[in-house]
Amino acid sequence: MSQLAQWRKQNWVRIGTDGSIKGPCGTSKDKKTPDRCLPISKALSLTKAERASTARKKKAAGARGQTVVSNTPKAKVKTK
């Protein structure tokens with residue numbers, strides 16, 4: 001199976017700065033500083049505070065003009 005097919009099977013969701021799951025990834029209205037996206041399994045394994053932390057990190061870096069922002073250590077997505 002290709003990596004794209006594996007990625008699609010993971011069901012990625014958007015994470016808001018308050019730590020809540022906002023919906024499917026790619027549906028953010030804010031194109032300048034988009035929300036953090038994580039696979040649903042990873043998002044549910046984190047506490048609300050951990051999800052909020054990684055989302056705030058993404059928003060803050062996006063406001064500075066960065067487009068690629070790494071996750072916090074607990075939110076890192078491992079690949080096989």
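Just the heavy atoms: all of them, side chains too, but no hydrogens, waters or symmetry mates, feed the values below.
In this structure, the side chain of S45 engages the main chain of K42 through a donor-acceptor pair within 3.5 Å.
For the residue pair P34 and K31, the shortest heavy atom distance occurs at CD-O, 3.8 Å. Of all the heavy atoms in A55 and G16, the pair that sits closest is CB-O, 3.4 Å. The two residues S70 and K76 have their closest heavy-atom pair at CB-NZ, 3.9 Å. Of all non-hydrogen atoms in G62 and T33, the two that sit nearest each other are C-CG2, 3.5 Å. Shown here for P24 and R14, the closest heavy-atom pair between the two residues is O-CG, 3.4 Å.
Crowding of K29 atom NZ: a count of heavy atoms from other residues, nucleotides or ligands under 6.0 Å not exceeding 12.
To the nearest 0.5 Å, atom CZ of residue R36 and atom CG of residue N71 are 4.0 Å apart. Annotation: the span from I21 atom CD1 to D35 atom CG amounts to 12.0 Å, rounded to 0.5 Å.
A salt bridge is absent between K48 and D18: the closest approach of a Lys/Arg side-chain nitrogen to an acidic carboxylate oxygen does not fall below 4.0 angstrom.
Results of the side chain to side chain contact (heavy atoms under 4.5 Å, CB included) test with I15 over K58, E50, R51 single out R51 as the only residue that passes.
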Determine, step by step, whether S28 and D30 satisfy the side chain to side chain donor-acceptor pair (under 3.5 Å) criterion, reporting the C-alpha distance in whole Å, the side-chain angles of both residues, the deciding distance to 0.1 Å, and the verdict.
-> CA-CA 5 Å; S28 177; D30 186 1; 5.7 Å; no
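When side chains are defined from C-beta on, K74 does not count as touching T54, because their heavy atoms never get closer than 4.5 Å.
W12 and V69 fall into different hydrophobic clusters, defined by Ile, Leu, Val, Met, Phe, Trp and Tyr side-chain heavy atoms under 4.5 Å apart, directly or through other members.
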